[in-house]
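First up is the structure itself, then whatever we jot down about it.
Chain naming here is simple, since letters A, B, ... match the order of the sequence lines and numbering starts at 1 in each. These numbers were taken from a predicted model, which means no experiment stands behind them.
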Protein chains: 2
Amino acid sequence: MTSKQVPQPERDEIRVEAVLQALGEPVRLTIVRALADAPAGISCGELELPVTASTRAHHLKILREAGVVSTHVEGTRRISTLRRDDLEALYPGLLTGVLSAKQ
Amino acid sequence: MTSKQVPQPERDEIRVEAVLQALGEPVRLTIVRALADAPAGISCGELELPVTASTRAHHLKILREAGVVSTHVEGTRRISTLRRDDLEALYPGLLTGVLSAKQ
DNA sequence: ATCGAAGTTCGACAAACGTCGTACTATGGA
DNA sequence: TCCATAGTACGACGTTTGTCGAACTTCGAT
């Protein structure tokens with residue numbers, strides 16, 4: 001198998017508190033913005049952030065468990081993508097609203 | 001004067017991180033939901049929550065400083081309202097998306 | 001088979017956070 | 001004027017959170 005899924009909540013298991021809490025941290029919001037500009041996904045190592053690799057992995061885990069991102073394995077890489085469809089279905093407008101912030 | 005404004009950030013001073021962090025706390029999200037159903041606003045004492053009055057006031061302060069709610073004085077009461085227009089202008093869809101969560 | 005690169009997990013630590021009780025201010029009514 | 005009510009401010013306390021380094025796993029390449 002060339003690609004495998006990392007465990008994540010089903011759409012109906014996603015809680016809005018967890019999503020908002022996940023998005024409310026500066027580093028994680030930066031990650032989400034980067035993912036929004038990279039539809040194909042980004043690996044943990046490609047994220048350019050002022051934190052160590054273990055901290056990046058930690059934040060990605062928070063985002064994944066909240067239901068914000070999806071992660072699949074490609075070789076030794078873990079590619080994360082935004083769960084746009086699920087979030088838009090659950091909270092229509094939320095993600096676009098967040099991403100429209102003029103930063 | 002029968003009504004006075006409590007200090008709050010201008011629209012252009014509102015930061016999305018602060019808004020999301022404010023919304024990402026269960027008690028505060030409950031407050032926001034209550035305010036969404038009460039266009040005329042709610043006083044601190046009218047909020048029915050499993051926390052003490054000082055904690056309620058604390059959460060309202062967080063929401064006010066983040067730019068989520070507006071508070072004006074009416075006698076001995078402080079009436080808080082959702083800053084729907086400002087939030088919709090800054091992050092179109094965010095608030096409606098959050099409020100559409102099936103709870 | 002061994003090595004290196006990519007991520008994750010774990011433990012530790014400091015900072016931030018949510019909560020409470022108390023003290024305080026201010027407003028309106030008796 | 002005095003008092004009760006509404007809300008805020010402050011200090012304290014325990015919990016959660018963000019961060020790091022080190023150890024570990026897994027995969028691909030040499």
Checklist entry - Between the side-chain atoms of B/T76 and the base atoms of D/dG7, is any donor-acceptor pair under 3.5 Å? => result no
Checklist entry - What nucleotide, of C/dG7, D/dC20, D/dA6, holds the atom closest to the side chain of A/R78? => result C/dG7
Item to check | base_contact_polar (C/dG18 base, B/T55 side chain, donor-acceptor, <3.5 Å) | outcome: no
Checklist entry - Hey, does B/E46 reach any base, or is it just sugar-phosphate, or nothing, if we go heavy atoms under 4.0 Å? => result nothing
Checklist entry - Rounded to whole angstroms, how far apart are CG on B/L60 and P on C/dC17? => result 17 Å
Item to check | Side chains of B/L82 and B/V32 in contact at under 4.5 Å (non-hydrogen atoms) | outcome: yes
Checklist entry - OP1, OP2 of C/dG7 versus side-chain N and O of A/R64: anything below 4.0 Å? => result no
Checklist entry - Does the side chain of B/Q21 get closer than 4.0 angstrom to OP1 or OP2 of C/dA16 through an N or O atom? => result no
Checklist entry - Between A/K61 and C/dT9, does any side-chain N or O lie under 4.0 Å from OP1 or OP2? => result yes
Checklist entry - What's the closest nucleotide to the B/T52 side chain, out of D/dT8, C/dG21, D/dT19? => result C/dG21
Next on the checklist: So if I take residues 28-38 of chain B and measure heavy-atom distances to DNA chain C, which residues fall below 4.0 Å?
Outcome noted: B/R28
Next on the checklist: Let me check something: do A/L95 and B/L29 share a hydrophobic cluster, defined by ILVMFWY side-chain heavy atoms less than 4.5 Å apart, either directly or through other members?
Outcome noted: yes
Item to check | Distance, rounded to the nearest Å, where B/I62 contributes CD1 and C/dC17 contributes P | outcome: 7 Å
Checklist outcome for this item: Atom CG of B/L47 and atom P of C/dT19 are separated, to the nearest Å, by 13 Å
Checklist entry - So what does A/H59 hit on the nucleic acid, given a heavy-atom distance under 4.0 Å: a base, only sugar-phosphate, or nothing? => result sugar-phosphate
Checklist outcome for this item: Residue set satisfying salt bridge (Lys or Arg N to Asp or Glu O under 4.0 Å) with A/R83, at least two apart, ordered chain then number -> A/D86
Next on the checklist: So, applying side-chain contact (heavy atoms from CB on, under 4.5 Å) with B/I31, which one of B/L60, B/I42, B/I62, B/V69 is it?
Outcome noted: B/L60
Checklist outcome for this item: To the nearest angstrom, the CZ-P distance between A/R56 and C/dA5 comes to 15 Å
Next on the checklist: From NE2 of A/H58 over to C1' of D/dG21, roughly how many Å is that when rounded to an integer?
Outcome noted: 15 Å
Item to check | Partner of B/R28 under side chain to side chain donor-acceptor pair (under 3.5 Å), chosen from B/H58, B/H59, B/Q21 | outcome: B/H59
Next on the checklist: In whole Å, I'd like the distance from the CD atom of B/E17 to the P atom of C/dC17.
Outcome noted: 13 Å
Checklist outcome for this item: Judged by nearest nucleotide, the residue sitting upstream toward the 5' end of DNA chain D, B/S54 or A/V27, is B/S54
Next on the checklist: What is the distance, to the nearest angstrom, from the CG atom on B/L23 to the P atom on C/dG18?
Outcome noted: 13 Å
Next on the checklist: Using whole Å, what does the distance between atom P of nucleotide D/dG18 and atom CG of A/L49 come to?
Outcome noted: 14 Å
Checklist outcome for this item: Nearest heavy-atom contact between B/V6 and B/R64 is CG1-CD, 3.6 Å
Next on the checklist: Would you say CD of A/E48 has more than 12 non-hydrogen atoms from neighbouring residues, nucleotides or ligands within 6.0 angstrom?
Outcome noted: no
Next on the checklist: Tell me which pairs pass side-chain hydrogen bond (donor to acceptor under 3.5 Å, both in side chains) where either residue lies in residues 29-41 of chain A, with sequence neighbours left out.
Outcome noted: A/R33-A/Q103
